[in-house]
Amino acid sequence: KYYPPDFDPAKIPKLKLPKDRQYVVRLMAPFNMRCKTCGEYIYKGKKFNARKETVQNEVYLGLPIFRFYIKCTRCLAEITFKTDPENTDYTMEHGATRNFQAEKLLEEEEKRMQKEREEEELNNPMKVLENRTKDSKLEMEVLENLQELKELNQRQANVDFEAMLKQYKECEEEQKRKEQE
């Protein structure tokens, strides 16, 4: 490109873009969902051309939260969802319902049980001792089972097939000699 000698880049006007500008991006559905208007199932991994915008006045630990707008494949109804960096997931906003996820429920149940146990231990010192003994018993059982498996593997690994074949041949020859006698 040719730049004349009297060119001044400061005179070029800056492009002022709004903060809530929307970009068109290509993304995959982050979870299974069902459209509220037509009942169409949208499966995880289905590709969409989506509009993406930064959610105003919502930040998690300095990370911006994004909102995505997609259209249902059958009825073209608008579906929106946001990023959820706190739970490393997405949250459904409107236009569809999120389908059942067993893994997420298991994780939540495990967290709830852990919190209950910690609260119980704070209030009751005997419960702390009981939980420790249960944990140590469980750990000992796991170690014993592991040791048994290791021993079984060693027994199978120590089989010498050549020696077995040699012993079998010797037994056969001995039986032949006895028959001949």
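By convention here, the first residue in the shown sequence is residue 1.
A donor-acceptor distance shorter than 3.5 angstrom exists from the side chain of Arg98 to the backbone of Tyr90, with no hydrogens or angles considered. In this structure, the side chain of Asn124 engages the main chain of Met126 through a donor-acceptor pair within 3.5 Å. Side chain of Thr83 to main chain of Phe66: a donor-acceptor pair is present (N/O by atom type, distance under 3.5 Å, no hydrogens or angles). Side-chain atoms of Thr88 never come within 3.5 Å of backbone atoms of Pro85 as a donor-acceptor pair (strictly under, hydrogens ignored).
Atom CZ of Arg132 has 12 or fewer heavy atoms from other residues, nucleotides or ligands within 6.0 Å. No more than 12 heavy atoms of other residues, nucleotides or ligands sit less than 6.0 Å from atom CD of Gln167.
Residues Glu116 and Arg112 are paired through a salt bridge, judged by an N-O separation under 4.0 Å between the basic side chain and the carboxylate. Ion pairing of Lys127 with Glu130 is present here, as a side-chain N (NZ or NE/NH1/NH2) and a carboxylate O approach within less than 4.0 Å. Under 4.0 Å is where a charged nitrogen must lie from a carboxylate oxygen, and between Lys115 and Glu120 no such pair does.
Contact check for Lys46 versus Phe48: side-chain heavy atoms found under the 4.5 Å cut-off. A heavy-atom distance below 4.5 Å is found between the side chains of Phe68 and Leu27. Counting heavy atoms from C-beta outward, Glu170 and Lys166 have side chains that approach closer than 4.5 Å. When side chains are defined from C-beta on, Arg21 counts as touching Pro18, because their heavy atoms get closer than 4.5 Å.
Residues Tyr41 and Ile79 fall into different hydrophobic clusters, defined by Ile, Leu, Val, Met, Phe, Trp and Tyr side chains chained together at heavy-atom separations under 4.5 Å. Clustering ILVMFWY residues whenever any of their side-chain heavy atoms sit less than 4.5 angstrom apart, transitively, puts Phe31 in a cluster other than the one holding Ile65.
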Using the side-chain contact (heavy atoms from CB on, under 4.5 Å) rule, take Met28 and Lys44 through it: C-alpha gap first, then chi angles, then the decisive distance, then the call. CA-CA 7 Å; Met28 289 197 255; Lys44 181 178 180 177; over 6 Å; no
List the steps and the verdict of side-chain contact (heavy atoms from CB on, under 4.5 Å) for Phe81 and Glu93. CA-CA 5 Å; Phe81 52 90; Glu93 281 196 315; 5.6 Å; no
Could you go through the side-chain contact (heavy atoms from CB on, under 4.5 Å) check for Leu122 and Glu118 one step at a time? CA-CA 6 Å; Leu122 284 173; Glu118 288 173 1; 5.7 Å; no
What's the verdict on side-chain contact (heavy atoms from CB on, under 4.5 Å) for Arg117 and Asn131, showing C-alpha distance, side-chain angles and the deciding distance? CA-CA 9 Å; Arg117 182 176 172 174; Asn131 287 339; 3.2 Å; yes
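Among all heavy-atom pairs drawn from Asp84 and Asn87, the shortest one is OD2-ND2, 2.8 Å. When all heavy atoms are compared, the tightest approach of Ile42 to Cys72 is CD1-CA, 4.4 Å. For the residue pair Gly39 and Arg34, the shortest heavy atom distance occurs at O-NE, 3.1 Å.
For the residue pair Glu53 and Tyr69, a side-chain donor N or O sits within less than 3.5 Å of a side-chain acceptor on the partner.
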